[in-house]
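Only this structure's heavy atoms are used, side chains among them; waters, hydrogens and symmetry mates stay out. Residue numbers run from 1 in the order of the sequence given.
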Amino acid sequence: MNPTHDPRPPFVPQIRLYQDWLARERGLTFDSYDALWRWSTTELEAFWQSIWDYFDLRSPTPHTAVLERNLMPGARWFPGAQVNYAQQVFRHVQAAHEAGFPAIVARNEKGRHTELSWPELRRQVASLALHLKAQGVGPGDRVAAYLPNTPETMVAFLAVVSIGAVWSVCAPDMGTNAVLDRFRQIEPVALIACDGVTYGHKDHDRLGVVAELRAALPTVRHVVLHTSLAESEDERSAALMRASPCESFAQATARSDHEVAAFEPMWLPFDHPLWVVYSSGTTGLPKPIVHGHGGTIIVALALKIIHNDVGCSYHPNNWGERYHWYSSTGWVMWNAQTSGLLNGTTCVIYDGNPGGSKDRPDWSTLWRLAADTGVTFFGAGAAFYANCFKAGVDLSTCGDLSRVRALGSTGSPLSEDAQNWGTAQFRKLGAAVHRGGDDPAPGRPKQDQPPWGAATRAAAERGGDIWFCNISGGTDFAGAFIGGNRELPQTPGRMQCRLMGCAVEAWNEQGQPVLDEVGELVCTQPIPSMPLYFIGDPDHRRLLGSYFDMYPPGHGRRPGGGDLPAEAGAVWRHGDWLRIFPDGSCVIYGRSDATINRHGLRMGTSELYSAVEALPEVMDSMVVDLEYLGRESHMPLFVVLRPGLTLDEALRAKIAGAIRTALSPRFVPDEMFQVDEIPRTLSGKKQELPIKKLMLGQPLEKVINREAMANPGCLDWYVRLAQQHLARGQSPG
C-alpha cells in the first residue's frame, strides 16, 4: 500500500447507507426521497421492522408483531420484545474503547474539562444502579433528578433506567415551585440532586432548594447528592452535612468489584416506562408525559443517525465522530444529546451559559468548545444562531473548526438570515483551510481524523456549503417530525423534509391535506415514541385533549387523504402551523394557537419576526394578536433594541416599513412598545400565548408560571400594560 495514500473510505451519508441496505436486504429501491417517505408512512410495519434490523436491535425474546394495534392513542408496538436503553448503550463499550474514543467529553463555565471513558461510564452506572437497588428502588419506581448538564447526570440516568426505574430530571436553574409542580405529580421514591450550579459566571447554591424538595416530597426515601459546586474536600463534606441524611454521589459511583463487573441492565418489555418529561408549564400544571424504552430507542436511532447523520464514532465511515447539541437538562434536547450514546457516539456537552455573562456577553463560547474538542456535529437552538449573527461573531477567531461538518438547529424556526450567516462563516473557514492545507487538528494524529477530513473535503462532498440540519418535533413524543436529509438540496430558512415514519401533513380548517399552503401540523399515523400515557390521567382525558380532540376518530389516518375506520382512533394535532412546499421542504410558522389573523389573512408569528429582527436596531421581538371570537384584531408588537437606542417615530416607521415590505400592510402592528426583555420559557421559547391571554383579561396566575420562565422579572411590565389596555376597553375581558 502506498504510505502516502489515505486508505480510509470517503464519507457516505447515513441515509444513503440505509437505502443501500434496503436495496440489498429487502430489494427495495426508490426513485426519490418522496417515494421513500411515502413507503415509510404507509407500510408502517415494513419500515419499522427495517429500522429494527438495520440497527441490529436485540431482544432475548422475539416480538410477535411490529404494530399489533394501529390505534391513536394506544398503538401497541413490538409486543413480546424486551429492551433496555442502558443495554443498547453498553453494546458499544468494548469496541469504542478499543478504538480509543471516550463516551463523554465535558466542559463547564469554569473551564473544568473532563472525559469519561466507555468502561468508566459502564462501571459508574453499575455502581450507582446497585446502590439504588440496595435502597429498594425497583422497576416502575420513579426517580427524580435535580442536576445540570454534566457527565454525572448521564450516569445517573443510565443507572436509574438500567434497573427498570423511571427517570425524570429538572434543571437546577428552576426554582422550588416549578420543580415541585413537576415532581409532586410523579411521586418519586428517590432524589438525585446537586449542591449548586455555575451560570453566567456566578455560583448559585441549591442546597436550600434541595431541602425544600425533600420536605415537600414525602414519597422520597433516599437522597443522593452530587457536590458539583464544591471545589475542596472540606467544601464537599460541608455540603453533604447540610444535605444530611444523604449519600454522596461520588461514593455511590465509586464501587468496583465483581458484582459491578458482572452487572447487566435488566431486560424490560418494549413499552416499559423510560422517563417522564414535561410540557413547558406555561399554563396550569405541566403535563407529565411518559415515553417507553423501546419506542424511544428505535425513534432516536432513526432520527439521530439516518436523518441527523450522526454516525458511530468507531465505524470507519464516521471515524472520530463527536456530537454536541447544547442544552440544559430542562429541555428535551438533553435527552437528544444523551441518545448519541445509543449508537456508540462520543457526546460533547457544556454546562453553563452559551452567551457568557450579562456584563460580559460572549457568543463564541460554544464555538471555542467545538474547536478545542474536535466536534463534528454542532447543534443548538435557533435562538443561539440568531444571537451569534446579531453579535457579529467571527468564527475564524474561535479556533480550528475544520472538523465541523454539520450544524443542527431546533427550538424555534431558524431564520433565513441566521442560516445565511452560518453558511457564510463556514465558507470563509473552508477557504482558509484550503489555503492552509488539509492538516489534522492540533495535537491529533492524522489517523484519528474523521474520514471526511477537514472542512474542504466535506464541503466538496455536499456541494460547497456547511449542511444545516434544521429539525422540528418536541418533548411530546421525544422525536422530530420534520428535519434533514444529507442528500437533498437545502434552502435557507426551511427544513428539508418530513422524516421517515412520520405521516405528517398540513391540514386546512376542513381537515383536508394542503400543499404549498399554511395549515395545522398533523400526524396521521402512530410513531413508536408517542406517549404511553400521562401520569395522573387514568381516563386519558388530558392526553386526548392535548393532541387528539381537534381531529377525532373518523378523520384521515393515511397520508394523501385516505381514511381508516373510526376504530383506528384520532389524528395527532401538534399545535404548529406548517407549510409543505412542492419540493417537500417545510417551514414551521410558530404555534397555531399564537397565530395572527388580520382581516382574514392568517400568518404564523415567525414571518413577522424575520422581518423585524432583520433590522440591525432590533435585538428581539414578540407579537400577539388580540383578535377574540370574531372581534377585530388588535396587534401590539414588543421590541428589544440595541443598547442606547430609543423607539422614536423614525424607528417605528422603519419597523412598519419592513413589515409592510416583507409581509403585507395588513400585518403592521396597531401599537409598538420598547421593552427590556421578551418573556421566554426556560427552553427559550417566546411566551406569546400567555401574554395574549393576559392582555385578554385572564389573571396572571392562571396563564403563566413564573418559575417555568427564564426571565420572570420582566412580567410586571406586561401586567401593567394589560391593565392599561383593558381599561381602554380594547379587549372583551
Side-chain angles (χ1 to χ4, degrees), residues 12-57 63 65-72 75-78 294-295 297-309 469 471-473 477 479-489 495-507 513-515 521-530 555-565 568-569 571-572 574 578 580-586:
V12 179
Q14 295 290 331
I15 199 162
R16 173 51 43 199
L17 294 175
Y18 170 67
Q19 289 185 79
D20 290 347
W21 181 89
L22 281 178
R24 185 173 64 250
E25 301 294 329
R26 298 289 197 269
L28 293 171
T29 57
F30 303 93
D31 59 8
S32 66
Y33 176 74
D34 183 69
L36 172 62
W37 174 79
R38 291 190 181 279
W39 168 77
S40 75
T41 54
T42 54
E43 302 296 332
L44 293 181
E45 294 196 60
F47 169 68
W48 288 109
Q49 182 66 57
S50 79
I51 297 298
W52 180 286
D53 294 339
Y54 182 68
F55 290 108
D56 187 27
L57 294 181
H63 50 271
V66 175
L67 180 55
E68 181 182 69
R69 185 172 62 209
N70 186 338
L71 175 68
M72 285 202 297
R76 181 161 164 76
W77 294 92
F78 294 95
I297 291 169
I298 199 167
V299 168
L301 290 172
L303 166 64
K304 193 64 40 57
I305 299 161
I306 299 177
H307 275 288
N308 290 8
D309 206 44
C469 179
I471 68 173
S472 180
F477 65 105
F481 281 138
I482 305 166
N485 179 329
R486 207 67 166 76
E487 296 190 326
L488 291 178
M495 291 166 282
Q496 290 173 294
C497 61
R498 292 170 282 181
L499 301 192
M500 290 186 296
C502 300
V504 167
E505 295 180 335
W507 280 14
V514 295
L515 188 66
L521 191 164
V522 302
C523 187
T524 67
Q525 295 281 24
I527 296 170
S529 63
M530 284 178 174
H555 277 76
R557 280 287 316 276
R558 296 177 185 165
D563 285 340
L564 288 179
V571 169
W572 176 290
H574 197 57
L578 167 68
I580 303 168
F581 290 85
D583 65 356
S585 63
C586 300

Any chance you could measure F581, atom CZ, to D583, atom CG, to the nearest 0.5 Å?
8.0 Å
Taking side chain as C-beta onward, heavy atoms only, is L28 less than 4.5 Å from F47?
no
Mark yes or no for whether S529, through its side chain, and G295, through its backbone, hold a donor-acceptor pair below 3.5 Å.
no
Quick one: do I298 and W77 satisfy side chain to side chain contact (heavy atoms under 4.5 Å, CB included)? Show the steps, please.
CA-CA 11 Å; I298 199 167; W77 294 92; over 6 Å; no
Once you measure the plane-to-plane angle for W52 and F78, does it fall in the parallel (<30°), tilted (30-60°) or perpendicular (>60°) bin?
parallel
Could you measure the distance from the CG atom of L499 to the CD1 atom of I482? Nearest 0.5 Å is fine.
7.5 Å
If we only count heavy atoms from C-beta on, is the H574 to F477 side-chain gap below 4.5 Å?
yes
Does the side chain of V299 reach to within under 4.5 Å of the side chain of W48, using non-hydrogen atoms?
yes
Which heavy atom in G569 sits nearest to a heavy atom in L71, and how many Å separate them?
N-CD1, 3.7 Å
M530 and C523 have their tightest heavy-atom pair at CE-SG, 4.0 Å
Work out which heavy atom in L44 is nearest to a heavy atom in S40; give both atom names and the distance.
CD2-O, 3.6 Å
I need the minimum non-hydrogen distance between C497 and L488, along with the two atoms involved.
CB-CD1, 3.9 Å
Calculate, to the nearest 0.5 Å, the distance between atoms CG and CG belonging to L22 and L17 respectively.
11.5 Å
Starting from the C-alpha separation in whole Å, work towards a yes-or-no answer on side chain to side chain contact (heavy atoms under 4.5 Å, CB included) for W37 and D34.
CA-CA 5 Å; W37 174 79; D34 183 69; 4.2 Å; yes
Given 3.5 Å as the limit, does a donor-acceptor pair link the side chain of R498 with the main chain of V504, or not?
yes
Euclidean distance, I527 CD1 relative to M72 CE, rounded to 0.5 Å
8.5 Å
Please report the C-alpha distance between E25 and S50 in whole Å, then the side-chain angles of each, then the deciding distance to 0.1 Å, and finally whether the side chain to side chain contact (heavy atoms under 4.5 Å, CB included) criterion is met.
CA-CA 9 Å; E25 301 294 329; S50 79; over 6 Å; no
Short side-chain to backbone donor-acceptor contact, H307 and M500, under 3.5 Å
yes
N485 backbone acceptor or donor facing Q496 side chain under 3.5 Å
yes
Using 0.5 Å steps for rounding, measure from the CD atom of E505 to the CG atom of L521.
10.0 Å
Are E487 and R16 packed together at the side-chain level, in the sense that at least one heavy-atom pair is separated by less than 4.5 angstrom?
yes
OG1 on T42 to CD on Q525, rounded to 0.5 Å
8.5 Å
I would like to know whether Y54 and L301 meet side chain to side chain contact (heavy atoms under 4.5 Å, CB included); could you show each step before the answer?
CA-CA 10 Å; Y54 182 68; L301 290 172; over 6 Å; no
Polar contact flag, side-chain donor to acceptor under 3.5 angstrom, H63-Q49:
yes
Under the rule for side-chain hydrogen bond (donor to acceptor under 3.5 Å, both in side chains), what residues qualify as partners of R69, not counting sequence neighbours?
none
Search all heavy atoms of C586 against all heavy atoms of I580 and return the closest pair with its distance.
SG-CG1, 4.1 Å
Between L67 and P526 the two heavy atoms that sit nearest each other are CD2-CG, 4.3 Å
